[in-house]
Every structure is written in structure tokens, then in C-alpha cells.
Amino acid sequence: MPRLIPAPTRIPAAGNKPKFIDEYVGCVNSGEAAVSIAHMRSPSGWVEPAQTPDFDEYIVVLRGALQVRSKDGVLTVAAGQAVLIPRGEWVQYSTPGAEGAEYVAVCLPAFTLEAAHRDA
């Protein structure tokens, strides 16, 4: 039987500026450990601590642009584009553009702080 998820849970975000993370599916909001789906909104100038996660992360940018830094260089993912960050890849996200970014992130398995392995 289909299960309605009536609303997301606002998750505290890491970084130098306030960012909104609304988890619809995942460990916190739905008790789902296999996948997490979150709607993110980050302001201009936001930078998150780098991480080497134990999950694959798929991101679709809806508005603005998300900068993705890895050991191989920097990608700018614009509205209408997507990016896959494979598990075990060192990565750092930021939104240096004037518009910030709005995007949806899907993590397999679900995001947890322990699985993110953020840099100190």
C-alpha cells in the first residue's frame, strides 16, 4: 500500500551560512535507511565542510548553481543539470553565485552524519 509522507523534517545543516535541508525520505523523516531524498536551499556564499561519504549522492539543481569540488577539480552544476558523486569520493559543496542554489539530493543508502565522514 502506498504510504503518504505528509511533510518533510527540517535538518540542521553544516556550513558557514544558514542552509535549509528538508528531508522527505530518509533516516530522520521516514525511518528509511536505504535512500534519502532532501530538498536543499543554500544562500550565496555558502560553503560546507568537505566529506568522503559512504553513499552515492545524486543531485538535481533546480535554481542557481552548485559548485562541486573534488580531488579532480571543480564542477559547476547549473539549474537543469545533475551530478553524481560516487561513494568514497572526497567532495566539497558550495554556492558562490549571487543566486545561491536550490536542489534535490538523493543518497543511496540514506544520508547519515556518521556516513558523511566530514573533514575536521
Side-chain angles (χ1 to χ4, degrees):
M1 170 179 221
R3 184 177 86 169
L4 177 66
I5 298 169
T9 297
R10 177 72 42 97
I11 307 291
N16 63 329
K17 291 185 170 188
K19 170 187 169 181
F20 297 115
I21 301 175
D22 292 328
E23 180 183 280
Y24 284 84
V25 176
C27 293
V28 174
N29 196 54
S30 66
E32 178 63 55
V35 63
S36 60
I37 303 171
H39 180 208
M40 317 258 199
R41 290 172 304 281
S42 56
S44 175
W46 168 80
V47 179
E48 183 177 65
Q51 60 187 20
T52 308
D54 285 337
F55 47 80
D56 293 326
E57 187 163 12
Y58 302 82
I59 297 171
V60 177
V61 177
L62 306 173
R63 183 185 57 79
L66 179 68
Q67 191 171 80
V68 181
R69 188 172 140 222
S70 74
K71 291 184 178 181
D72 296 321
V74 177
L75 293 173
T76 299
V77 186
Q81 296 181 322
V83 64
L84 161 62
I85 298 89
R87 68 186 76 209
E89 179 84 22
W90 181 89
V91 66
Q92 184 179 37
Y93 301 113
S94 63
T95 49
E99 194 177 359
E102 179 179 0
Y103 53 101
V104 173
V106 177
C107 298
L108 294 167
F111 175 92
T112 65
L113 193 53
E114 297 77 26
H117 301 291
R118 290 206 171 119
D119 290 358

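In what follows, residues are counted from 1 in the order of the sequence shown. When reading the values below, keep in mind they use all heavy atoms of this one structure, side chains included, and skip hydrogens, waters and symmetry mates. All of these numbers come straight from a predicted model, not from anything done at the bench.
Heavy atoms only, all atoms of each residue included: Ala101 and Ala65 are closest at CB-O, 3.4 Å. Nearest heavy-atom pair across Gly26 and Ala110 is CA-CB, 4.5 Å. When all heavy atoms of Pro18 and Pro43 are compared, the pair lying nearest together is O-CD, 3.0 Å. Among all heavy-atom pairs drawn from His117 and Ala115, the shortest one is CD2-O, 3.2 Å. Cys27 and Ala33 make their closest contact through SG-CA, 4.0 Å (heavy atoms, listed as atom of the first residue, atom of the second, distance). Minimum interatomic distance between Glu89 and Pro53 (heavy atoms only, all atoms of both residues): O-CD, 3.4 Å.
The backbone N or O of Val28 sits less than 3.5 Å from a side-chain atom of Glu23, completing a donor-acceptor pair. Side chain of Asn29 to main chain of Ala7: a donor-acceptor pair is present (N/O by atom type, distance under 3.5 Å, no hydrogens or angles). Listed for the Lys17 side chain is no donor-acceptor partner under 3.5 Å among the backbone atoms of Ser42.
With contacts defined as side-chain heavy-atom distances shorter than 4.5 Å, the pair Asp119/Pro49 does not qualify. Using a 4.5 Å heavy-atom threshold, the side chains of Val61 and Gln81 count as separate. Under the 4.5 Å side-chain criterion, counting only non-hydrogen atoms from C-beta, Ser30 is in contact with Arg3. Contact check for Glu32 versus Ile37: no side-chain heavy atoms found under the 4.5 Å cut-off. In this structure the side chain of Phe55 never reaches within 4.5 angstrom of the side chain of Thr112, judged on heavy atoms. When side chains are defined from C-beta on, Val104 does not count as touching Ile59, because their heavy atoms never get closer than 4.5 Å. Side-chain contact between Arg41 and Asp22 is present, with heavy atoms from C-beta onward closer than 4.5 Å. Considering only heavy atoms from C-beta on, Tyr103 stays 4.5 Å or farther from Val60 through its side chain.
The structure places OG of Ser70 at 9.0 Å from CD1 of Ile85, a figure rounded to the nearest 0.5 Å. Between the SG atom in Cys107 and the OH atom in Tyr58 there is a gap of 10.5 Å [rounded to 0.5 Å]. Going from atom CH2 of Trp46 over to atom CE of Met40 covers 7.5 Å, rounded to the nearest 0.5 Å. In this structure, CD1 on Ile11 lies 13.5 Å from CZ on Phe20, to the nearest 0.5 angstrom.
With hydrophobic clusters built from ILVMFWY side chains whose heavy atoms lie under 4.5 angstrom apart, Leu108 shares a cluster with Ile5. Linking ILVMFWY side-chain heavy atoms closer than 4.5 Å, directly or via other members, places Phe111 and Val83 in two distinct hydrophobic clusters. Grouping the Ile, Leu, Val, Met, Phe, Trp and Tyr side chains by contacts below 4.5 angstrom, directly or via other members, places Leu84 apart from Val74. Each of Ile21 and Val106 belongs to its own hydrophobic cluster when Ile, Leu, Val, Met, Phe, Trp and Tyr are linked at side-chain heavy-atom distances under 4.5 angstrom. Trp90 and Tyr93 are assigned to two separate hydrophobic clusters, defined by single-linkage of ILVMFWY side chains at heavy-atom distances under 4.5 Å.
Arg87 and Asp56 are joined by a salt bridge, as a carboxylate oxygen and a charged side-chain nitrogen come within less than 4.0 angstrom of each other.
For the side chain to side chain contact (heavy atoms under 4.5 Å, CB included) with Gln92, the lone residue among Arg69, Gln51, Arg118 that qualifies is Arg69.
Side chain to side chain, Gln67 and Ser94 meet the donor-acceptor criterion of an N or O pair below 3.5 Å.
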